[in-house]
Amino acid sequence: MALATADSQGRPSVRFVLLKGIDQRGFIFFTDSRSRKGSELRANPRAALALYWQPNGRQVRVEGRIEEIEPCAADEYWSSRPRQSQLAASASLQSAPLRSRVLLLARVKKIASKLRGREVPRPVEWLGFRLRPDVIEFWTHREHRLHEREIYIRYGNHWRHRLLQP
Ligand SMILES: Cc1cc2nc3c(=O)[nH]c(=O)nc-3n(C[C@H](O)[C@H](O)[C@H](O)COP(=O)(O)O)c2cc1C
């Protein structure tokens with residue numbers, strides 16, 4: 001999914017992340033909280049996401065507040081990841097400048113040899129986040145640009161449904 005965040009000045013940024021799960025409360029993704037998105041979310045805990053399925057002409061857009069999920073859920077997903085990915089995530093301070101790729105590969109190698117025969121611990125900054133939706137829009141491709149748009153807006157505990165012009 002494309003995940004948009006904004007800094008404290010309202011300057012937007014967007015990137016793709018894996019939509020790892022959806023539960024009763026919202027949409028879950030995992031990332032390094034020291035990353036650009038992580039620091040933007042600390043300054044401004046609101047985000048938007050968009051998903052697009054080209055073969056069936058569907059788009060879903062979501063807006064809402066971000067919350068951190070329980071560390072045990074991050075542990076669970078972390079432990080399901082391939083060891084090489086765990087090592088790479090441990091060696092990388094996501095979004096910080098990198099002087100050379102060789103340095104990164106050397107860091108991965110160093111961590112790998114230090115942890116040989118042991119599990120790779122989850123970096124405490126590698127966390128799961130949940131976007132709790134306030135707005136969800138479903139867009140469906142229709143012929144001649146007469147697309148269908150349905151929006152759900154949350155008011156407290158209930159959702160209001162409306163159609164939007166395409
Ligand atoms: C298809 C795809 C999936 C990705 N999934 C993730 C992910 O789940 N978590 C993550 O932190 N970065 C993921 N990335 C990398 C991000 O797009 C991005 O480079 C990284 O999170 C740093 O973003 P930031 O500097 O805006 O914080 C993915 C990239 C692509 C293209």
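Whatever order the structure lists ligands and atoms in, that order sets their numbers, starting from 1.
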Taking every heavy atom of Trp126 against every heavy atom of Ala74, the minimum-distance pair comes out as CZ3-O, 3.6 Å
Donor-acceptor pair, side chain of Arg34 and main chain of Leu93, under 3.5 angstrom:
no
Note down each nitrogen or oxygen pair, ligand 1 side and protein side, whose separation is under 3.5 Å; give only atom names and the distance to 0.1 Å.
from     : atom 1 : to    : atom 2 : distance (Å)
ligand 1 : 5 (N)  : Leu18 : N      : 3.2
ligand 1 : 8 (O)  : Leu18 : N      : 2.9
ligand 1 : 9 (N)  : Phe30 : O      : 2.9
ligand 1 : 11 (O) : Thr31 : OG1    : 2.6
ligand 1 : 11 (O) : Gln94 : NE2    : 3.2
ligand 1 : 14 (N) : Phe16 : O      : 3.3
ligand 1 : 17 (O) : Phe16 : O      : 2.6
ligand 1 : 21 (O) : Lys37 : NZ     : 2.5
ligand 1 : 21 (O) : Gln94 : NE2    : 3.2
ligand 1 : 23 (O) : Lys37 : NZ     : 3.3
ligand 1 : 25 (O) : Ser95 : OG     : 2.6
ligand 1 : 26 (O) : Arg15 : NE     : 2.7
ligand 1 : 26 (O) : Arg15 : NH2    : 2.9
ligand 1 : 27 (O) : Ser35 : OG     : 3.3
ligand 1 : 27 (O) : Arg36 : N      : 3.3
ligand 1 : 27 (O) : Lys37 : N      : 2.9
ligand 1 : 27 (O) : Lys37 : NZ     : 2.9
ligand 1 : 27 (O) : Ser95 : OG     : 3.3

So, Arg118 side chain and Lys114 main chain: donor-acceptor pair closer than 3.5 Å or not?
yes
Backbone of Ala89 reached by a side-chain donor or acceptor of Ser92 within 3.5 Å:
no
For residues Gly128 and Phe30, report the shortest heavy-atom separation together with the two atoms involved.
CA-CD2, 3.4 Å
When you measure from the side chain of Arg107 to the backbone N and O of Ala91, does any donor-acceptor pair fall under 3.5 Å?
yes
